[in-house]
*Asks:* 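Sharing a structure with you now.
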Amino acid sequence: MAEEVGIERIADYVGEEVTIKGWLYAKTGKGKLQFLQVRDGTGVIQCVVFKKEVTPEVFEDARSLTQESSLIITGMVRADERAPGIPGGHEIGVSDLNVVQCVTEEYPITPKEHGIDFLMQHRHLWIRSSRQWSALRVRATVIKAIRDWLDSQGFLLMDTPILTPAACEGTTTLFETDYHGTPAYLSQSGQLYNEANIMAFGRVYCFGPTFRAEKSKTRRHIQEFWMVEPEAAYVDLWENLKIQEQFVSYIVQTTLRERQSELESLGRDVSRLEKIEPPFPRIHYDEALEMINRAAAKGTTVPPEDEPLPAIAWGDDFGAPHETYVAEQFEKPVFVHHYPSQVKAFYMAQEPERPETCRSADLLAPEGYGEIIGGGERSSDLEYLERQIERHDLPREAYEWYLDLRRYGSVPHSGFGLGIERTVMWICGLQHIRETIPFPRLLGRIYP
RNA sequence: UCCUCGGUAGCUCAAUUCGGCAGAGCGGCCGGCUGUUAACCGGUUGGUUGUAGGUUCAAGUCCUACCCGAGGAGCCA
């Protein structure tokens, strides 16, 4: 038998006989000539079966193959720019074909269009389709880039618990579960534990699933999502931003380099991504507010609904249209820093000269993809934190350990959380977050 | 939780202001074709119109309640 190769490396085998093990993705026949599009998990390639070049049995097998039948194919690799595929440009002239399983029931997902409900009910099959497959390959690369960069920059992976005794930030709705008779909650952030970890390890990150039980039903929300949260001791707000812009740029550039075929198959305009490198613009909340209200006064509208941008008062948090408007003004992601303390988590450090603001920063992705990072400098002031816990009506006893961190060697420190799915959505140019994770958990949907 | 839109064949949809025989394309199946790209051509297959009730000679269409889905708001990553 010829050498078994992966389709993603097929260009290295032109002129050689190879074996592909995979599934029939699509087929068009033209009498004595059959075009099989075969996928093997690493790519899609066109395999051509000429009646004269194979045995009658093989030709009949090829002719009668059904969508998603599993098969093993052997043949000669040749370059041909007419050939579709991921990556395209090569095809296999089939000499032998072995049907592993011929699908006899109709495969539900045809090459025609389908509705979202139908596709989501068949998510376990939908992930075989090229757009889903490409996006999930990009996701894996984004995650690898994240870990490679952090590991190489001295951040140590420290896993934080998923079952937690209390709300981390006290604002969002949590999933409650039973922990041997006492209530426990699925983690919405590893943030507070990370602050303990940095006092032991200097620079750390946690990377895992987080859970938000809000009844959010938009293209940017899922109930279970993955977040990477780096945290570092002796790092202030401004150094934190430098880390973030290098980090995000590395993720984007690595994906551009390693997932060219997938981004192309997604139809992504990569020229927008090629521009993503440090430095990113930084604007103060006051400045952003002014920008928004100036535009609102002129009756500016924002996509995707083209509704008028509402004016806001100082102290208000930005809504989705405000974020979109601000991000639209820049080609790169933009940092908005020094939000009013009242709209941010209790642990954000106060700005000494403007105590009503905090040393926080959000990173807004371009092209309307919204907030991909939330972060900032954490308060190292014990008394301020005690007051904040009271002000936010949080159970003091649950935070005693956290306050200990300010009693024993408190230092300035910062961190941030990057949402994996929103980042993948932006890099892939997708319209909905549900396509960025294999099995999304959406409001009212937990099958399959 | 609130607002908007929707539910008709396996899938995507149509069904004439104002109620009158349930349709098309795709898929599947059969046949034809040596360069297809969501191929094409001919034939064929296909229905509890989301559920329950009501009005009517007659309901996919009108009325009531409910169920399910989509998009958005708030909140956030």
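Basis for what follows: all heavy atoms, side chains included, without hydrogens, waters or symmetry-related copies.
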*Asks:* G35(B), G27(B), U12(B): which one has an atom nearest the side-chain heavy atoms of Lys30(A)?
*Replies:* G35(B)
*Asks:* Tell me the interatomic distance from Phe118(A), atom CZ, to G10(B), atom C1', rounded to whole angstroms.
*Replies:* 7 Å
*Asks:* Return yes if some donor-acceptor pair links the side-chain N/O of Gln132(A) with the main-chain N/O of Arg128(A) below 3.5 Å, else return no.
*Replies:* no
*Asks:* If I take atom CG in residue Leu33(A) and atom P in nucleotide C33(B), what distance separates them, rounded to the nearest angstrom?
*Replies:* 12 Å
*Asks:* For the pair made of CD in Glu229(A) and P in C76(B), what is the distance, rounded to whole Å?
*Replies:* 15 Å
*Asks:* Classify the side chain of Thr110(A) versus the base of C11(B) as yes if they form a donor-acceptor pair under 3.5 Å and no if they do not.
*Replies:* no
*Asks:* For Gln223(A) and C75(B), give me the distance from atom CD to atom P, rounded to whole Å.
*Replies:* 17 Å
*Asks:* Without decimals, in angstroms, what is the distance between Glu214(A) CD and A77(B) C1'?
*Replies:* 10 Å
*Asks:* Any side-chain N or O of His432(A) under 4.0 Å from OP1/OP2 of G71(B)?
*Replies:* yes
*Asks:* Does a nitrogen or oxygen in the side chain of Arg212(A) sit under 4.0 Å from OP1 or OP2 of G74(B)?
*Replies:* no
*Asks:* Got a salt bridge between Glu91(A) and Arg78(A), using NZ or NE/NH1/NH2 to carboxylate O under 4.0 Å?
*Replies:* yes
*Asks:* By nearest atom, which of the nucleotides G27(B), A70(B), U36(B) is closest to the Phe35(A) side chain?
*Replies:* U36(B)
*Asks:* State plainly whether the residues Arg63(A) and Glu60(A) are in salt-bridge range, i.e. N to O under 4.0 Å.
*Replies:* yes
*Asks:* Nearest whole Å is fine: how far is A77(B) P from Tyr369(A) OH?
*Replies:* 20 Å
*Asks:* Please confirm whether any donor atom in the side chain of His221(A) sits under 3.5 Å from an acceptor in the base of C76(B), or the reverse.
*Replies:* yes
*Asks:* Paired with U56(B): which nucleotide, if any, by Watson-Crick or G-U wobble criteria at under 3.5 Å for both distances?
*Replies:* none
*Asks:* Is there a donor and acceptor pair, one atom on the side chain of Gln34(A) and one on the base of U36(B), closer than 3.5 Å?
*Replies:* no
*Asks:* Quickly work out the Arg78(A) CZ to G35(B) C1' distance and round it to whole Å.
*Replies:* 10 Å
*Asks:* Using both distances under 3.5 Å as the test, list the Watson-Crick or G-U wobble partner of G31(B), or none.
*Replies:* C41(B)
*Asks:* Atom CG of Leu442(A) and atom P of C76(B): how far apart are they, to the nearest Å?
*Replies:* 20 Å
*Asks:* Check every strand shown and say whether Gly29(A) touches a base, only sugar-phosphate, or nothing at a heavy-atom separation below 4.0 Å.
*Replies:* base
*Asks:* Between the base of G35(B) and the side chain of Glu91(A), is there a donor and acceptor pair under 3.5 angstrom?
*Replies:* yes
*Asks:* Would you say the ring centroid of Tyr399(A) lies under 6.0 angstrom from that of Phe346(A)?
*Replies:* yes
*Asks:* Examine the base of C68(B) for any acceptor or donor lying under 3.5 Å from a partner atom in the side chain of Arg445(A), and report the outcome as yes or no.
*Replies:* no
*Asks:* List the atom of Gln67(A), the atom of Pro111(A), and the distance in Å for their closest heavy-atom pair.
*Replies:* OE1-CD, 4.2 Å
